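Accompanying notes for the structure given below.
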Amino acid sequence: MSRHGLFLTFEGLDGCGKTTQMRLLAARLRQAGEDVIETVEPGGTRIGGDIRRILLDPANGNMGSTAEMLLYFAARAQNVDEIVNPATAAGSIVISDRWTDSTWAYQGFGRALGVELVRRLDEIACRGRKPDLTLWVDIDLETSLNRAKSRNASVEANDTRMDEQSRAFYEQVLEGYRRLAAEEPRRVIRVDGRGSVEEVFERVWAAFEEYRSGDV
Ligand code: TMP
């Protein structure tokens with residue numbers, strides 16, 4: 001059992017496979033007897049779910065970048081209070097599908113709002129709560145765009161606003177993740193997202209175990 005709570009996050013381009021990997025990690029940890037709580041950004045809480053619908057609704061195509069960024073942080077602030085802080089305080093492992101690093105990559109780089117603003121808003125919304133370990137599932141842009149396209153053909157129309165961005169936008173998002181991993185190499189671990197689900201999960205598990213072995 002864990003001696004203290006842990007806060008893990010998964011990051012990456014749309015269609016990188018992080019949600020599948022996160023579920024596999026949660027299942028493996030539960031098998032090992034850990035208490036695992038999964039959450040998602042935006043979403044995770046009821047209020048966050050309502051905010052998610054506003055953010056991803058294609059009818060909100062005229063949403064300004066600043067409003068967009070503040071809504072992501074509003075959902076996150078609620079997630080901190082309702083899920084992340086209480087669960088880690090109780091000794092659970094919280095795993096979040098995306099966190100502030102997504103805002104760094106998508107709004108800071110993709111929307112070119114700048115990383116300084118993201119840092120400042122993170123301080124306000126998360127009040128010092130940072131992931132202990134972030135696994136960035138890295139796939140190339142081509143794969144991401146193709147997967148997002150086929151996903152769009154199959155999902156409900158109201159979950160797609162962020163998938164409708166241009167290629168240049170996603171190039172910047174990817175650059176954001178690269179810069180993040182370079183700036184915070186201890187926290188943000190790049191996992192090669194190529195290959196089968198099982199192959200990628202071996203890398204995810206290895207990265208987690210390496211973190212765990214150094215986490216005393
Ligand atoms: P998801 O499909 O991984 O659940 O993410 C929803 C979309 O929201 C995805 O295109 C990434 C985007 N997003 C941001 O732009 N900024 C953020 O802070 C977060 C959490 C997600």
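Keep in mind that what you see is a predicted model, and the values were worked out from it rather than measured. Numbers here simply count residues along the sequence, with the first being 1.
In summary, the side chains of R98 and Y72 do not present any donor paired with an acceptor at a separation below 3.5 Å, with no hydrogens or angles considered. Checking S96 against T9 by side-chain atom types alone, no donor-acceptor pair falls below 3.5 Å. If you check the side chains of Y106 and D14, you find a donor sitting under 3.5 Å from an acceptor.
Residues F201 and T20 have side chains not in contact (no heavy-atom distance under 4.5 Å, counting atoms from C-beta outward). Counting heavy atoms from C-beta on, the side chains of W205 and L24 never come closer than 4.5 Å. Residues I93 and D35 have side chains not in contact (no heavy-atom distance under 4.5 Å, counting atoms from C-beta outward). Side-chain contact between F10 and V204: present, with at least one pair of heavy atoms (C-beta onward) separated by less than 4.5 Å. Two residues are said to be in side-chain contact when any heavy atoms from C-beta on lie closer than 4.5 Å; V173 and F169 meet this criterion. Using a 4.5 Å heavy-atom cutoff, the side chains of V191 and W136 are not in contact.
Here the rule is side-chain contact (heavy atoms from CB on, under 4.5 Å) with R52, and of I54, L56, D50 only L56 fits it.
Evaluation of the side-chain hydrogen bond (donor to acceptor under 3.5 Å, both in side chains) rule for T39 yields N79 as partners, not counting sequence neighbours. The side-chain hydrogen bond (donor to acceptor under 3.5 Å, both in side chains) search around D122 returns T100, K130, not counting sequence neighbours. Partners of R194 by salt bridge (charged side-chain N to carboxylate O under 4.0 Å, His left out), not counting sequence neighbours, listed by chain and number: D192. Partners of E123 under the side-chain contact (heavy atoms from CB on, under 4.5 Å) rule, at least two apart in sequence or in another chain, do not exist in this structure. Qualifying salt bridge (charged side-chain N to carboxylate O under 4.0 Å, His left out) partners for E198, counting only residues two or more places apart in sequence or in other chains: none. R23 meets the side-chain contact (heavy atoms from CB on, under 4.5 Å) test with T19, E38; sequence neighbours excluded. With sequence neighbours excluded, the residues that form a side-chain contact (heavy atoms from CB on, under 4.5 Å) with I189 are L133, L135, A207. For the side-chain hydrogen bond (donor to acceptor under 3.5 Å, both in side chains) test, no residue two or more places apart in sequence or in another chain qualifies with E202. Evaluation of the side-chain hydrogen bond (donor to acceptor under 3.5 Å, both in side chains) rule for T143 yields D140 as partners, not counting sequence neighbours.
The distance from atom CG of D101 to atom CD of E11, rounded to the nearest 0.5 Å, is 4.5 Å. One finds the CG atom of L55 at 12.0 Å from the CE atom of M69 (value rounded to the nearest 0.5 Å). To the nearest 0.5 angstrom, R179 atom CZ is 12.5 Å from L174 atom CG. Rounding to the nearest 0.5 Å gives a distance of 7.5 Å between SG of C16 and OH of Y177. Note: Y211 OH to R186 CZ = 9.5 Å, rounded to the nearest 0.5 Å. Going from atom CG of L121 over to atom CD of Q107 covers 10.5 Å, rounded to the nearest 0.5 Å.
With salt bridges taken as basic N to acidic carboxylate O contacts below 4.0 Å, one links R111 and E68. Salt bridge annotation for E34-R212: present, with a cationic side-chain nitrogen under 4.0 angstrom from a carboxylate oxygen. Taking a cutoff of 4.0 Å between a charged side-chain nitrogen and a carboxylate oxygen, R203 and E209 do not qualify as a salt bridge. Here R167 pairs with E171 in a salt bridge; the nearest charged N to carboxylate O distance falls below 4.0 Å.
If you chain together hydrophobic residues whose side chains sit under 4.5 Å apart, L29 and V137 fall into the same group. Hydrophobic clustering, with ILVMFWY side chains joined whenever heavy atoms are under 4.5 angstrom apart, keeps I139 apart from L25. One hydrophobic cluster, built from ILVMFWY side chains closer than 4.5 Å, cannot hold both I51 and V40; they sit in different ones.
Through direct or indirect side-chain contacts shorter than 4.5 Å among Ile, Leu, Val, Met, Phe, Trp and Tyr, I37 is connected to F7, V80, I83, V84, V94, W99.
Minimum heavy-atom separation, L180 to R187: CD1-NH2, 4.1 Å. Nearest heavy-atom pair across G195 and E199 is CA-OE1, 3.2 Å. Across all their heavy atoms, M22 and I95 have their closest contact at CE-O, 3.4 Å. The shortest non-hydrogen separation linking A75 to G43 is CB-N, 4.4 Å. Between N85 and T88, the shortest heavy-atom distance links the atoms O-OG1, 3.3 Å.
Pairs of residues two or more places apart, or lying in two chains, that qualify as salt bridge (Lys or Arg N to Asp or Glu O under 4.0 Å) and include a residue from residues 69-83 are E41-R76, D81-R127. Each ring pair (Phe, Tyr, Trp, His ring centres under 6.0 Å) pair with one or both residues in residues 18-50, not counting sequence neighbours, would appear here, but there are none.
The local environment of CD in E183 is crowded, with over 12 non-hydrogen atoms from other residues, nucleotides or ligands closer than 6.0 Å. The local environment of CZ in R30 is crowded, with over 12 non-hydrogen atoms from other residues, nucleotides or ligands closer than 6.0 Å.
When atom types are taken as modelled, the side chain of W104 and the backbone of G176 share a donor-acceptor pair closer than 3.5 angstrom.
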Walk me through whether T103 and F109 qualify under side chain to side chain contact (heavy atoms under 4.5 Å, CB included).
CA-CA 9 Å; T103 317; F109 280 77; over 6 Å; no
